[in-house]
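Single-structure report; data block below.
Lettering follows sequence order; numbering is per chain, from 1.
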Number of protein chains: 2
Amino acid sequence: MPPPELAAKVRALPAAAVARLTLYLRALNALLAEGAERVSSEELAEASGVSSSNVRKDLSYLGSYGTRGVGYEAQFLSRRITAALGLTQEWRVAIVGAGNLGRALARYAGFESRGFDVVALLDQDQLVIGHEVGWLRVSDVAQLESVLERSKANMVVLALPAEAAQDICDRVIAAGVHSILSFAPVLLQVPEYVNLRKVDMATELQILAYHAQRLPETGSESA
Amino acid sequence: MPPPELAAKVRALPAAAVARLTLYLRALNALLAEGAERVSSEELAEASGVSSSNVRKDLSYLGSYGTRGVGYEAQFLSRRITAALGLTQEWRVAIVGAGNLGRALARYAGFESRGFDVVALLDQDQLVIGHEVGWLRVSDVAQLESVLERSKANMVVLALPAEAAQDICDRVIAAGVHSILSFAPVLLQVPEYVNLRKVDMATELQILAYHAQRLPETGSESA
DNA sequence: GCGTGTGAATTCCTTCACAGCT
DNA sequence: AGCTGTGAAGGAATTCACACGC
């Protein structure tokens with residue numbers, strides 16, 4: 001039972017608000033880098049592509065930290081959102097699958113810069129195991145459990161083919177890691193206490209296709 | 001004014017339904033591969049992780065193609081969804097950015113297999129231009145417009161750093177491609193007639209972090 | 001005066017529950 | 001009898017609009 005050290009972590013945020021808070025954080029940090037000290041909901045809205053009333057509503061879930069007639073103190077708000085999202089603690093990510101995508105993710109600087117440490121990269125293929133990718137050496141997925149333990153990973157990214165995903169997913173959960181981001185194009189069966197998010201690029205293109213196909217071919221011209 | 005060749009494309013589907021239709025399609029094709037001929041909403045629900053009433057409601061947007069007391073004819077339903085999503089036409093995808101992610105996407109077999117043809121890969125870096133990645137040769141992004149035209153691309157994937165994204169995005173739109181999937185972690189400003197979807201992996205991890213941090217550390221044990 | 005904070009109104013999505021067809 | 005199709009109910013998220021405090 002860890003005692004709550006920072007105030008106000010308890011109330012659950014609406015799922016949609018959580019997603020947007022990450023956008024506000026990104027926008028805020030950009031504004032801070034430009035030297036901003038105060039921001040209004042209107043500015044944040046502009047910078048993150050959300051309506052200003054939505055911004056205010058979302059921020060109000062964290063508490064009343066703005067000043068009427070003035071706005072929000074940028075530095076403070078950034079820290080407040082960081083805390084609310086749980087980004088004050090260290091997140092250690094293991095990537096399973098060292099194919100094209102897994103290797104790209106392992107080298108992706110965007111993770112490190114936002115506080116996610118990629119601590120392990122695993123694969124099943126003997127030809128890949130032992131090779132260096134970025135600053136990591138590829139481990140054998142047969143040793144998944146011990147690698148997760150030694151690396152103290154608390155998140156896993158699955159970057160592997162559909163066929164392998166469920167099996168590895170089960171092992172990851174059994175090993176005690178309950179936060180999983182999957183790029184595998186299959187439905188993964190997990191207990192409800194597990195946090196699973198899915199990213200499927202083919203799905204994204206299909207959704208684009210739907211909208212593209214419905215549009216009356218605006219603005220362009222086949223010369 | 002293109003005459004509607006296939007029946008019933010006109011009514012707009014709810015956005016949430018479109019996203020799920022891609023799941024049903026995937027599930028259906030898997031079931032078909034296993035030799036299924038009929039499926040019930042219950043089976044589809046199971047296979048795609050959606051409630052069965054939601055499945056029925058979504059399918060009802062496409063028309064009444066099920067048989068009461070029996071279910072849906074799998075082959076037919078698959079084709080119907082394919083048509084509704086606009087996947088009967090050829091989609092030609094150009095990937096801008098041949099860094100880790102762009103190269104991984106270019107080689108990702110999942111696109112081809114779902115009807116998306118990767119027809120071009122572009123980069124700005126002279127050291128990369130001309131190299132082969134998969135079955136493609138990297139083009140110079142300076143020639144973006146002519147490459148898009150020659151390759152007849154009608155979708156673009158942006159796999160490039162935040163700084164470059166807006167500029168390239170503008171050029172893509174000016175060149176007449178209005179369906180864009182962006183992996184760049186920035187807000188892109190686009191006219192409303194453009195279809196833009198965003199995938200941000202750092203955001204996904206941050207959302208995971210939020211949920212992980214709220215959970216009372218279930219089931220696992222730091223040995 | 002100005003921008004936040006928030007109830008109320010609205011829109012969008014999901015689930016319920018059952019009538020209707022096979 | 002069984003499963004679809006769908007109005008109606010319920011819930012979630014967004015927008016509105018204005019009172020409140022600086």
Check your understanding: For A:K57 and A:V70, take the nucleotide of DNA chain C holding the closest heavy atom to each; which residue's nucleotide lies nearer the 5' end?
Key ->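 This one resolves to A:V70.
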
Rounded to the Å, how far apart are [X] [atom1] and [N] [atom2]?
X: B:D58; N: D:dT6; atom1: CG; atom2: C1'; result: 13 Å
X: B:R80; N: D:dG5; atom1: CZ; atom2: P; result: 12 Å
X: B:N54; N: C:dA17; atom1: CG; atom2: C1'; result: 15 Å

Exercise for review: Mark yes or no for whether A:R103, through its side chain, and A:A98, through its backbone, hold a donor-acceptor pair below 3.5 Å.
Suggested key: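 Between the backbone of A:A98 and the side chain of A:R103 there is a qualifying donor-acceptor contact (under 3.5 Å).
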
Point to revise | A:Y65 side chain to A:R80 backbone, donor-acceptor under 3.5 Å | key: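 Not confirmed, A:Y65 side chain does not pair with A:R80 backbone.
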
The side chain of [X] is closest to which nucleotide in this list: [options]?
X: B:A15; options: C:dC13, D:dA13, C:dT4; result: C:dC13
X: B:S51; options: D:dA13, D:dT6, C:dT15; result: C:dT15
X: A:P14; options: D:dG5, C:dT6, D:dA13; result: D:dA13

Check your understanding: Heavy atom of residues 20-43 of chain B under 4.0 Å from DNA chain C: which residues?
Key ->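 By residue number: B:R20.
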
Review point. Just checking, is any N or O donor in the side chain of A:S179 or A:N154 under 3.5 Å from an acceptor N or O on the other one?
Key: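 A:N154 and A:S179 do not have a side-chain donor-acceptor pair below 3.5 Å.
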
Review point. So which of B:I95, B:V156, B:L144 actually passes side chain to side chain contact (heavy atoms under 4.5 Å, CB included) with B:L122?
Key: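 In the set B:I95, B:V156, B:L144, the residue that makes a side chain to side chain contact (heavy atoms under 4.5 Å, CB included) with B:L122 is B:L144.
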
Exercise for review: Ignoring backbone atoms, test whether B:Y72 places a side-chain nitrogen or oxygen under 4.0 Å from the OP1 or OP2 oxygen of D:dG5.
Suggested key: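 It does, given that an N or O in the side chain of B:Y72 lies less than 4.0 Å from OP1 or OP2 of D:dG5.
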
Show the distances under 3.5 angstrom between N or O atoms of the protein and N or O atoms of nucleotides 18-20 of chain C.
from   : atom 1 : to    : atom 2 : distance (Å)
C:dG20 : N3     : B:R68 : NH1    : 3.1

